**Student:** 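Encoded as structure tokens, here's the structure I'll be asking about.
Computed from a predicted structure; not experimentally measured. Both backbone and side-chain heavy atoms feed into the values below; hydrogens, waters and symmetry mates do not.
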Amino acid sequence: MNPKESDWKSFSAHVPVWRERYLSKKNREACAIFEDPSSSPTHAFWGAFEFLKAESKILRDCFDHHARSRMHLSLALMYRYGIVVDDDLGIFSNELQDHIRSIVRG
């Protein structure tokens, strides 16, 4: 699928917003791991490490290699991981919205 110019421009403009929103949430979750009073410092460290390692893979999958030809794949991954939600998809053409939802549904 070759995205429309308007979809590509919207995608490019919103990627930094979505990334920051997602990282803000994940940073709070990482802090909660460190601040858990029931965890030892060692357990908290390794728990946070594993959490951040898994999140870094998601971030690389979703935000690296932005090219117009891969936009629909990046957007589908962002949607699958909750970085992009239904309200966010509303900025795109109906065709692209349907395509993203069909990819995620499988």
Side-chain angles (χ1 to χ4, degrees):
M1 175 177 188
N2 194 15
K4 296 178 180 181
E5 183 67 22
S6 60
D7 286 336
W8 172 243
K9 285 182 179 181
S10 292
F11 177 78
S12 297
H14 284 84
V15 163
V17 174
W18 295 329
R19 183 183 56 239
E20 293 304 308
R21 181 180 67 192
Y22 183 75
L23 284 172
S24 178
K25 177 183 174 187
K26 294 304 169 177
N27 287 346
R28 286 190 305 274
E29 291 175 17
C31 287
I33 294 170
F34 281 115
E35 295 170 355
D36 182 357
S38 67
S39 290
S40 70
T42 299
H43 186 264
F45 174 84
W46 290 112
F49 176 81
E50 290 300 322
F51 173 79
L52 292 171
K53 187 167 76 170
E55 288 304 318
S56 70
K57 181 183 180 333
I58 291 170
L59 290 168
R60 282 191 307 275
D61 287 349
C62 293
F63 293 104
D64 284 359
H65 314 295
H66 280 215
R68 188 174 180 155
S69 62
R70 291 180 36 91
M71 182 190 90
H72 66 284
L73 295 174
S74 295
L75 189 56
L77 282 170
M78 289 178 197
Y79 187 67
R80 175 176 284 157
Y81 288 120
I83 296 168
V84 169
V85 296
D86 283 320
D87 286 346
D88 298 322
L89 286 183
I91 65 171
F92 297 109
S93 65
N94 289 334
E95 179 184 57
L96 181 58
Q97 291 179 51
D98 293 343
H99 183 67
I100 296 305
R101 288 184 179 110
S102 70
I103 290 173
V104 172
R105 273 188 255 125

**Student:** For the OG atom of S10 and the CD atom of E5, what is their distance to the nearest 0.5 Å?
**Tutor:**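 If I round to the nearest 0.5 Å, the distance is 10.0 Å.
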
**Student:** Would you confirm whether R68, through its side chain, and N2, through its main-chain N or O, come within 3.5 Å as a donor-acceptor pair?
**Tutor:**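 Such a contact is absent between R68 side chain and N2 backbone.
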
**Student:** Any donor-acceptor pair under 3.5 Å linking the side chain of S102 with the backbone of H99?
**Tutor:**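 Checking the backbone N and O of H99 against the side chain of S102, a donor-acceptor pair under 3.5 Å is found.
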
**Student:** Could you please spell out the steps behind the side-chain contact (heavy atoms from CB on, under 4.5 Å) verdict for I58 and L77?
**Tutor:** CA-CA 9 Å; I58 291 170; L77 282 170; over 6 Å; no

**Student:** Would you please test E20 and S24 for side-chain contact (heavy atoms from CB on, under 4.5 Å) and show each step?
**Tutor:** CA-CA 6 Å; E20 293 304 308; S24 178; over 6 Å; no

**Student:** Give a yes or no on whether Y81 and V104 share a hydrophobic cluster (residues Ile, Leu, Val, Met, Phe, Trp, Tyr; joining criterion: side-chain heavy atoms under 4.5 Å apart).
**Tutor:**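 Looking at the clustering, V104 is in the same group as Y81.
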
**Student:** What closest approach, in Å, do I33 and A48 show between heavy atoms, and which atom pair accounts for it?
**Tutor:**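 Looking at all heavy atoms of both residues, the closest pair is CG2-N, 3.5 Å.
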
**Student:** Applying a strict under-4.5 Å side-chain criterion to I, L, V, M, F, W and Y, I'd like to know whether V15 and L23 cluster together.
**Tutor:**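 Yes, same cluster.
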
**Student:** For Q97 and F92, which heavy atoms make the closest approach, and how far apart are they?
**Tutor:**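 Residues Q97 and F92, closest heavy atoms: NE2-O, 2.7 Å.
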
**Student:** Hey, does the side chain of S74 reach the backbone of M71 with a donor-acceptor pair shorter than 3.5 angstrom?
**Tutor:**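 No; zero donor-acceptor contacts below 3.5 Å.
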
**Student:** To the nearest 0.5 Å, what is the distance between CG (L96) and CD1 (I91)?
**Tutor:**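 Rounded to the nearest 0.5 Å, the CG-CD1 separation comes to 9.5 Å.
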
**Student:** How long is the span from the CD1 atom in I103 to the CG atom in L73, to the nearest 0.5 Å?
**Tutor:**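 CG of L73 is found 6.0 Å from CD1 of I103.
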
**Student:** Given 3.5 Å as the limit, does a donor-acceptor pair link the side chain of S12 with the main chain of W8, or not?
**Tutor:**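 Yes.
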
**Student:** Could you tell me which non-hydrogen atom of F63 sits nearest to which non-hydrogen atom of M78, and how far apart they are?
**Tutor:**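 In terms of heavy atoms, the two residues are closest at CE2-CE, 3.7 Å.
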
**Student:** Is it the case that atom NE2 in H43 sees more than 12 heavy atoms from other parts of the structure closer than 6.0 Å?
**Tutor:**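 Open.
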
**Student:** Would you give the length of the straight line joining atom CG of D61 to atom OG of S56, rounded to the nearest 0.5 angstrom?
**Tutor:**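 Reported to 0.5 Å precision, the distance equals 9.5 Å.
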
**Student:** Evaluate the side-chain proximity of L89 to R101: yes if any heavy-atom separation is below 4.5 Å, no if none is.
**Tutor:**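 Yes - at least one pair of side-chain heavy atoms lies under 4.5 Å apart.
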
**Student:** Parallel under 30°, tilted from 30 to 60°, perpendicular over 60°: which one fits the rings of F45 and F49?
**Tutor:**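 Ring orientation of F45 relative to F49: parallel.
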
**Student:** Compare every heavy atom of L52 with every heavy atom of A30, then report the nearest pair and how far apart it is.
**Tutor:**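 The answer is CB-CD2, 4.1 Å.
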
**Student:** Starting at NZ of K25, measure out to CD1 of I83 and round the result to the nearest 0.5 Å.
**Tutor:**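 One finds 9.5 Å between NZ of K25 and CD1 of I83.
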
**Student:** Going by an N to O cut-off under 4.0 Å, is there a salt bridge joining D88 and R21?
**Tutor:**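 Salt bridge between D88 and R21, a charged N being under 4.0 Å from a carboxylate O: yes.
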
**Student:** Calculate, to the nearest 0.5 Å, the distance between atoms CZ and CH2 belonging to F11 and W18 respectively.
**Tutor:**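 Rounded to the nearest 0.5 Å, the CZ-CH2 separation comes out at 6.5 Å.
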
